[in-house]
Amino acid sequence: MKRIQVVALNTLREAIRDKALYVLAGFALVTILGSKAIGWISVGQDIKIVKDICLAAMSVFGALTAIFVGTNLLYKEIDKKTLYTILAQPMERYEFVIGKYLGLAALLLLDILFMTAVTVAWILVLKGEISPVFFQAVLLIYVKLLLITALSVLLSAAASPILGAVIVFCAYVFGHATEVFRDLPPQIAGTPAEPVLKTIYYIVPNLSLLDLHAYAANNVPVNPLYVFWAAVYGAGWAIAMLALACVAFENKEL
Amino acid sequence: MNEPAVEARNLTKVYKALGKRPVHSLRGLNLSIARGQVFGFLGRNGAGKTTTIKLLCGLIRPTAGEALLFGKNSAIPEARREMGYLPEQPYFYEYLTPRETVTFYSRLRGISPRQQKEQWEKLCGLLELEDIADRRIREFSKGMRQRVGFAIALVGDPELLILDEPMSGLDPVGRRLIRNAILRLKSEGKTIFFSSHVLSDVEELCDRIAILVSGSLELEGAMDNLPGRRVLQVEVIASGLDPETVAGLAAGTSHRRVEVGDEFRVNTLEEANRIAARVLDRGGTLVALRPVTETLEEYFSRVQQLAATRTGGKSE
Ligand SMILES: Nc1ncnc2c1ncn2[C@@H]1O[C@H](COP(=O)(O)OP(=O)(O)OP(=O)(O)O)[C@@H](O)[C@H]1O
Ligand SMILES: [Mg+2]
């Protein structure tokens, strides 16, 4: 437990010293503040648009951070051979994987907290109101990022960063549109493609379940029970993928 | 408590990659290293030294056989508690300083902050880290990295050190620093297993050596009694001889003045004994009578040649 914490803190420290992430955070900031410009064009709807854009910014920039840092997370350590001295310590390999993951999860948490604070302040400055559904939406965005991070770490243990990033990106896109695979157009019914596409529906996590942007923008309340089960769903996927990453890493040849 | 510090039992590694010929890097290595020894591991490039060391550190899994540290399989974390490792090219987090790096590894080993302080003092003294302690490793030269790597291997004061070419890429002063560190650790009773191409260092430091040829153990033995090592000459050193006797003895030997007196080199032990008897007879003092063996380098090359002719000149 102690060792996981040591690895996690060090991962966080690495990320904090990495300037590239500040560029991403800077972009997010510009988007959040710039949202007013778009809101201003659509007369009378500005707060709604600002909320919508801010939540989208958190989701997208968070996902980019998760993908770029996550797919490099283990790969870089293998490639740069920093692992040799670490895994020769009296520690289990899974402790290392979990530590790295938690470090990145902590980074994303800081990221989200920062963006939330900026957004809330901005909306209050614009004299808009913030309702609980906004924070529920933020929570589920974080759960989604945890899931994407776990998938990135899994691919980081098994593939190169570029391939990993492409796969996670596809999963991200498909994950937001899984109904497409369920509600197949009639031409496909009965063809060999049908079972394949149906399988995709079941193996790709349904990320749109974690998407409350529209509710938050329109101040439509969401049942807390729904939020709870959606979070459990996302966390379940994350844990499953992290477990796979640990297994893949256990037998890795260095 | 009587298990050897390191034991390889039929240790075998075959690297298999999709679409490539399997590489037999290590073939059935059997080796046992007693506690407190300094053990040199020799072999040409590609002989399988690093492969063996990675197996011993649990970084790769053996295809067959097992690697034991103090009697425990090296794949088990607990077995590595008393082991420190310096990789061939040590890499650490570039964004950390040596001080932070040592702290990081100390925490991984669960060392208390108080002990960490003591340890840091000791490492600084041994490896002269003080002046580089707070610079980012990113800016470091090879020699500085090697020192940091050595410091990490020593974190937690392990009983066994496994060092992969600890002297490579260092300047003479740096090499001496590492050599002295090894001698110091030896005097503390640590077991040290290291691979090296610098045979003069090996000759100076090691109690025993093993030579690996194409993944197979070619030979293993005590440094001062290597199987088949040639005795080239015998050296007799004496003092207190009058010039006339010296002149008499010098005839038919190779003679030179040394600090303590005169040195005579002859080709056989009989001749050496004859000279020794004469020294005593003439009231001189016998300082030393010892064999002059071929250098480790000469021995090493001969072993390689023998192995090559035996396998019909093929290197594989
Ligand atoms: N990951 C790997 N995949 C395939 N072959 C490998 C791998 N690592 C090492 N080898 C091969 O195993 C053999 C032994 O390599 P090893 O690194 O153990 O040699 P070495 O004795 O340490 O050499 P050097 O003195 O150059 O460091 C070589 O033929 C090498 O090509
Ligand atoms: Mg090597």
Side-chain angles (χ1 to χ4, degrees), chain A residues 1-22 69 72-100 102-104 107 157-160 163 246-254, chain B residues 13 15-17 50-51 53-63 69 72 74-97 100-111 136-138 148-153 155-156 158 161-162 164:
Chain A
M1 221 30 228
K2 185 80 202 316
R3 290 188 287 263
I4 293 178
Q5 190 191 342
V6 173
V7 173
L9 285 176
N10 195 58
T11 306
L12 186 60
R13 173 159 62 177
E14 168 174 21
I16 288 171
R17 290 190 184 176
D18 184 357
K19 309 220 166 39
L21 293 178
Y22 292 101
V69 180
N72 272 298
L73 208 57
L74 300 179
Y75 183 84
K76 199 164 80 187
E77 305 252 355
I78 298 167
D79 193 45
K80 297 219 164 145
K81 304 194 171 127
T82 41
L83 266 178
Y84 285 14
T85 43
I86 295 176
L87 294 188
Q89 301 298 320
M91 77 185 291
E92 298 279 358
R93 290 190 176 192
Y94 70 79
E95 292 176 321
F96 182 75
V97 177
I98 295 174
K100 286 302 264 185
L102 292 181
L104 182 47
L107 173 74
S160 75
L163 181 62
C246 290
V247 171
F249 200 63
E250 196 57 42
N251 297 311
K252 190 97 192 164
E253 299 266 289
L254 298 175
Chain B
K13 182 67 190 179
Y15 284 107
K16 298 186 195 91
T50 299
T51 303
I53 288 178
K54 283 187 185 172
L55 287 164
L56 291 176
C57 297
L59 294 174
I60 52 177
R61 304 275 180 258
T63 311
L69 305 176
K72 291 189 204 124
S74 69
I76 303 166
E78 202 40 46
R80 303 194 288 264
R81 183 157 295 284
E82 284 303 334
M83 185 269 289
Y85 165 54
L86 171 71
E88 193 163 17
Q89 285 136 9
Y91 288 95
F92 325 100
Y93 294 121
E94 303 271 301
Y95 52 90
L96 297 182
T97 66
E100 289 168 335
T101 305
V102 169
T103 308
F104 172 66
Y105 285 87
S106 303
R107 287 195 185 137
L108 281 183
R109 279 186 178 248
I111 296 171
R136 299 255 171 117
I137 292 178
R138 197 194 318 274
V148 178
F150 207 100
I152 287 171
V155 164
L161 289 158
I162 298 184
D164 201 349

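In what follows, chains carry the letters A, B, and so on, assigned in the order in which the sequence lines appear, proteins first and then strands, with residues in each chain numbered from 1.
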(message) Ignoring hydrogens, what is the shortest heavy-atom contact between B:Gly149 and B:Pro90? Give both atom names and the distance.
(response) CA-CB, 4.3 Å
(request) Write down the atom of A:Val7, the atom of A:Gly99, and the distance for their closest heavy-atom approach. (result) CG1-C, 3.7 Å
How about [X] and [Y]: do any of their side-chain heavy atoms sit closer than 4.5 Å?
X        : Y        : answer
B:Phe104 : B:Phe92  : no
A:Ile98  : A:Cys246 : yes
B:Cys57  : B:Ile162 : yes

(message) Nearest 0.5 angstrom please: A:Phe249 CZ to A:Leu83 CG, how far?
(response) 4.5 Å
Any donor-acceptor pairs between chain B and chain A, under 3.5 Å? If so, list them.
{"from": "A:Asn10", "atom 1": "ND2", "to": "B:Tyr95", "atom 2": "OH", "distance (Å)": "3.2"}
{"from": "A:Glu14", "atom 1": "OE1", "to": "B:Tyr95", "atom 2": "OH", "distance (Å)": "3.4"}
{"from": "A:Arg17", "atom 1": "NH1", "to": "B:Tyr95", "atom 2": "O", "distance (Å)": "2.6"}
{"from": "A:Arg17", "atom 1": "NH1", "to": "B:Glu100", "atom 2": "OE1", "distance (Å)": "3.2"}
{"from": "A:Arg17", "atom 1": "NH2", "to": "B:Glu100", "atom 2": "OE2", "distance (Å)": "2.9"}
{"from": "A:Glu77", "atom 1": "OE1", "to": "B:Tyr93", "atom 2": "OH", "distance (Å)": "2.7"}
{"from": "A:Glu77", "atom 1": "OE2", "to": "B:Tyr93", "atom 2": "OH", "distance (Å)": "2.8"}
{"from": "A:Tyr84", "atom 1": "OH", "to": "B:Lys54", "atom 2": "NZ", "distance (Å)": "3.1"}
{"from": "A:Thr85", "atom 1": "OG1", "to": "B:Tyr105", "atom 2": "OH", "distance (Å)": "2.7"}
{"from": "A:Leu87", "atom 1": "O", "to": "B:Arg80", "atom 2": "NE", "distance (Å)": "3.4"}
{"from": "A:Leu87", "atom 1": "O", "to": "B:Arg80", "atom 2": "NH2", "distance (Å)": "3.3"}
{"from": "A:Ala88", "atom 1": "O", "to": "B:Arg80", "atom 2": "NE", "distance (Å)": "3.4"}
{"from": "A:Gln89", "atom 1": "O", "to": "B:Arg80", "atom 2": "NE", "distance (Å)": "3.2"}
{"from": "A:Gln89", "atom 1": "O", "to": "B:Arg80", "atom 2": "NH2", "distance (Å)": "3.4"}
{"from": "A:Gln89", "atom 1": "OE1", "to": "B:Arg109", "atom 2": "NE", "distance (Å)": "2.6"}
{"from": "A:Met91", "atom 1": "O", "to": "B:Arg80", "atom 2": "NH2", "distance (Å)": "3.1"}
{"from": "A:Arg93", "atom 1": "NH2", "to": "B:Gly58", "atom 2": "O", "distance (Å)": "3.4"}
{"from": "A:Arg93", "atom 1": "NH2", "to": "B:Leu59", "atom 2": "O", "distance (Å)": "3.0"}
{"from": "A:Glu250", "atom 1": "O", "to": "B:Arg61", "atom 2": "NH2", "distance (Å)": "3.3"}
{"from": "A:Glu253", "atom 1": "OE1", "to": "B:Lys13", "atom 2": "NZ", "distance (Å)": "2.5"}
{"from": "A:Glu253", "atom 1": "OE2", "to": "B:Lys13", "atom 2": "NZ", "distance (Å)": "3.4"}
{"from": "A:Glu253", "atom 1": "OE2", "to": "B:Arg61", "atom 2": "N", "distance (Å)": "3.3"}
{"from": "A:Leu254", "atom 1": "O", "to": "B:Lys54", "atom 2": "NZ", "distance (Å)": "3.3"}

(message) Could you work out, with side chain to side chain contact (heavy atoms under 4.5 Å, CB included) as the rule, every residue matching A:Ala15, not counting sequence neighbours?
(response) A:Leu21, A:Leu107
(message) Which atoms of A:Ile86 are under 4.5 Å from chain B, going by heavy atoms: the side chain, the backbone, both sets, or neither?
(response) both
(request) With a 4.5 angstrom heavy-atom cut-off, could you sort out which part of B:Leu96 is near chain A: side chain, backbone, both or neither? (result) both
(message) I need the residue from B:Leu108, B:Leu56, B:Leu86 with the largest number of non-hydrogen atom pairs under 4.5 Å to chain A.
(response) B:Leu108
